[in-house]
Amino acid sequence: MRLGSGTFAVCCVAIEVLGVAIFLRGFFPAPVRSSSRPEHQAEPPAPEPLAGASSNWTTLPPPLFSKVVIVLIDALRDDFVFGSKGVKFMPYTTYLVEKGSSHSFVAEAKPPTVTMPRIKALMTGSLPGFVDVIRNLNSPALLEDNVIRQAKAAGRRIIFYGDETWVKLFPKHFVEYDGTTSFFVSDYTEVDNNITRHLEKVLKREDWDMLILHYLGLDHIGHVSGPHSPLIGSKLSEMDNILMRIHTALLSKEREALLPSLLVLCGDHGMSEAGSHGASSTEEVNTPLVLISSAFGRKPGDVRRPKHVQQTDLAATLAVGLGLPIPKNSVGRLLFPVVEGKPMREQLRFLHLNTVQLSKLLQENVPLYEKDPGFEQFKMSERLHGNWIKLYLEEKGSEVLLNLGMKVLRQYLDALQTLSLSLSRQVAQYDIYSMAVGAVLVLEVLSLLLLSVPKALGPAAELDVPLSSPLFSLLFCLTLLVLSAVHVVVCTSAESTCYFCSVPWLVASGAVLLMAALLCAIVSAVSKTGVSTKHAGKNLAPSSSQWSELDLLILLGTAGHVLSLGASSFIEEEHQTWYFLVSTLCLALCQQVYRSHFLGNKEDPQCSSYADPGLKLALPTQRDRAKGCAVLQDNGAHVATSAFEQLGDAERWMALASPWAVLCCCRLLRALNQTGVQGAHRPDLGHWLTSSDHKAALSVLAALSLLTIFLLVQRRCSPMSKVALALGLLGVYCYRAAIGNVMSPWQRGNKDISKGIIEARFVYVFVLGVLFTGTRDLLRAQAAAAGTRARPVGLWEIHSGLVLLAALLLRPHNLPVLVSSLLVQTLMAKFVWKPLSHDAAEVTVAHYWFGQAFFFFQGNSNNIATVDISAGFVGLGHYVEVPAAFLTTFATYVGPILWASHLVNYLSSEAGSRSSLRHACFCYALVGSIPVSAYIILVTSLRYHLFIWSVFSPKLLYEGMHLLITAAVCIFFTAMDQTKLMNS
Amino acid sequence: MNVLPFPGRLLWKQLGGAFSPAVMPSVNLDQIANQENTMKDTDIKRLLYAHLLCIFSVILSTFIPSLFLENFSILETHLIWLCICSVFVTVVNLVLYSVVKPNTPSKRSSLTHKVARFLKCCIYFLVSCFSFHVIFVLYGAPLIELVLETFLFAVILSTFTTMPCLCLLGPNIKAWLRVFSRNGVTSIWENSLQITTISSFVGSWLGALPIPLDWERPWQVWPISCTLGATFGYVAGLAISPLWIYWNRKQLTYKNN
């Protein structure tokens, strides 16, 4: 079957979207969540079970401790306390662990072993996934049910000193706090002294119930000089001293208080042998957890290895200790030794509460929860518990009660363990199998695209896609068999809980079929190119020297951008990459323009300001004929110079100036919105404009921008749509005036701010009208079959409709971005692309780069926080999901979309070769899918990186979204191409 | 026909004024070829020595000042180093080109003409400094802060690129355009000029890459990485160009005819 390269590219991108979707689903496992929002927390605690009658104990048990002090030491590894280092440098703590009244555990943290998710795990008892971040749209505050929130609701006064992350997570939860930043890694004394200086006063005071200290110094030492540095020892002794001070102070206070107090020493994550953290090695995962309280019995001095527990268990234990309900999403279980000294009835009550909470969570997250062994155990122990209560209330003999009680207790503990395990297994791991399936699909598509470059960019722009022969080949059948076998084996193995196994088998087999077919297509493509290079092998060598600077730059730029995605800073500062590339592109174009201006009219040996790698590869016959650059000079440089010479004098000057004008535009836009991480705090024009003092300036700017947009867009519109456009742009200003962004000239003093729904809908009407006119013109031209000149008109109307929508959705200070994007498009098309007659591939890549740069010019970044959600509410009274999502996506990707639509306009208005649209579509698909595929591999290999959640994952989502946009653009291209085909 | 200050005098005469490299000479006697080859070898040798001197001057500019100035280091007193390096390279270039004289002296060698030529060169140099400064700002350098640093970067880049051009080609835009268009070089001096200039540009371009990284090293500050990149590019160009020309001398004789 012969396919146009555009259609082929669309198919490829569609498969790629599927692959990325599967990969994303595997990369971001769905979290275990309770469906009830934390706001509705009036839910009464579960009453004590009682066989037959209802128990009289329905309230929460009273707190066990009066005061709780949590000393969290960042990167405290278990052997720093329990190992030889602990014995040497932390004598007091060792004494407490071995002989004092304390319970010690090794708490296992789940990866990513990074501070923020670990704090969340400690306080909510859940395992935070990245999806939470999306769900909260990066609002830094922790919205889940957690111990701190519960304590605050119960009127406890909490004081916090230490890492700022806490203050961001729990705003307004602390009666007193002092946050220190962990920004300066090389400072490991000041950060801790800033915390310790408060201790003296706080320990004397009585007006608090909970004190949280988060020490960062140890982590900083680890990052700077590793876990075996001599600095570690002195830091550990410092921490030991602090612990002693707090403990003695607590003990002296306890004499007056009724209840004992609790001192918790813990770490958020460990430290690898290299001193960093984030991954899942034993050293990074194991942290000490020491609970110290006079309520616990003194130990006789037997030194056993501390028991291994989960880090999430602390939340449930703290909640029980403070007499609070256990956080709803907690998957942890109560650390039983803490309540061991209590009477049997209370012990059972605590365990019951915890089991009920866990089983509720299980019910909400696992569809077949009734078959879960944990749930069965829970039901049984609840029944036994009821019986026990009945006996207890009837006051049977204490011996029997005790024995039965012990039995219930053991039953409960077993149930807790099973429940907790099956819950935490749901979120703990990356779903490697689904990720692999997705990655394989994406990579296969990419290699197919790369292999078909020479054919697809050839003059015919058509590809042979053999469908029948590979489908029945031996290779295909074998691959299919192997893949199905792998699928069955992976899915039936006991401990896997992967998404790809849970999809309907029809879908799964479809994906497997696709993988095998793609593999066969790649193999056949490879063998074909092997044959063709053997034929043309001699001629390939000279062609490399004929690449123009622009081609070289495009290749290097694409490769460099892909490589830069491996570094977190380059992802944070991706805008710099694009600005840099676009500036360099402008300079390269500038050089070309100048060369054809100054040297064009001479008989000049320059080989090519025009070169098409695909064309060259595909034209062996021509190359045979042509020695050196004669052919290229004939069809390339000569055309270029002649086209350049056709320009008038004024136009020539414009052509010479336009790259500089574009550069100036880009530089101004850079100053408009500072984005990224390093520069985000710097003052920029955007903030200056949006501040209320400069409303007048903003209004003038917005009005001028709208006027310029009208002037730039209207020249190629039909009179009808001119009027519609003008009214629409007027409506945009009215809308901005109505919601109070800009001053309105006709309603002075009218201060009330509406939502501007009428104005926005007024604009929507015109947007739809213009789009409709454009489509109708297109279709009519197609029907008439003669109007090759009418078609661009219709296309341009679609473009102007999109511009109008963008003008409505972009915030007023971003309107200059829209203006300059239109300006740059016009300048480039008129004075650079056309006179220098660049081929479709170069123009496409250049448009793609500009689209990316404009994505960042409007203030976007690779951080989810910069998405402008307000665009989703324009003209909508309340939140409606589908239009809001569509509008937000459009507003975010205005840059790439507008540049792509301009590309279609330019290429179809140029009466160039028939295949230019297909070339463009193919190139767009290729440059769009290279970064995604490379990034998927990178992310998979960096999945235990320190910044995986903060930097790499948001970028992955952006890449996925961008691929979706690319697919839409490619479909648009192909549709245009099809209409063109029908016309001709 | 406008006579350019044209290098490779002998070749030029022998080939009977065949200006364009695309036009192949019809007379290609063995004798001429031999002469040509020996010429080429001595020229390459001279080129190599000249370039070694240039590299030496760059290295000296990092060491000599520390004898006279206290607390001198490239990173901390970067601006001073920039000035010194620029002066060193300029002086060495001027001396070298006046000694080696690869280019033809112009026909009119009157004093006024020489002075005018010198003034023109100065103006060209200043213009190139300012245009580099403008390009840096367009590339994203801060407009108001660090003006001096940006300008000195422009100066040193001009020293590495514009200065040798001025020395070799004189203030003649047409000749520059010819040298920097494809296949336009006509002597090994021009060829090496092309290589060093392009490698200086590429070096400073690559020097901008590490700026966004968060390593917090002192050399990542604008414009230090770029100036260092330009210097390394220049030195690399100086080192590579004689070798490259030596290796490709067979093809080059053809090309440069």
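Lettering of chains follows the sequences in order, A, B, ..., and the numbering in each one begins at 1.
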Heavy-atom closest pair, residues Ser569(A) and Pro212(B) = CB-O, 3.6 Å
Separation between CD1 (Ile135(B)) and SG (Cys586(A)), nearest 0.5 Å, reads 11.5 Å
Using non-hydrogen atoms and a 4.5 Å limit, figure out which bit of Tyr579(A) sits close to chain B: side chain, backbone, both or neither.
-> neither
When you look at CZ of Phe180(B), are more than 12 heavy atoms from neighbouring residues, nucleotides or ligands closer to it than 6.0 Å?
-> yes
Part of Leu587(A) within contact of chain B (heavy atom distance under 4.5 Å) = side chain
Say whether, by atom type as modelled, one donor and one acceptor occur between the side chain of Arg667(A) and the main chain of Val137(B) under 3.5 angstrom.
-> yes
Considering only heavy atoms, which portion of Cys664(A) lies under 4.5 Å from any heavy atom of chain B: side chain, backbone, both, or neither?
-> both
Show your reasoning for whether side-chain contact (heavy atoms from CB on, under 4.5 Å) applies to Leu209(B) and Phe580(A).
-> CA-CA 9 Å; Leu209(B) 297 187; Phe580(A) 198 63; 3.8 Å; yes
Asp214(B) CG to Ser568(A) OG distance, which is reported to the nearest 0.5 Å = 5.5 Å
Bottom line for Thr584(A): the part with an atom under 4.5 Å from chain B's heavy atoms is both
When only pairs under 4.5 Å are counted, which of Glu572(A), Glu573(A), Arg670(A) shares the most heavy-atom pairs with chain B?
-> Arg670(A)
Looking at side-chain heavy atoms only, is the closest gap between Tyr139(B) and Leu663(A) below 4.5 Å?
-> no
With a 4.5 angstrom heavy-atom cut-off, could you sort out which part of Trp205(B) is near chain A: side chain, backbone, both or neither?
-> both
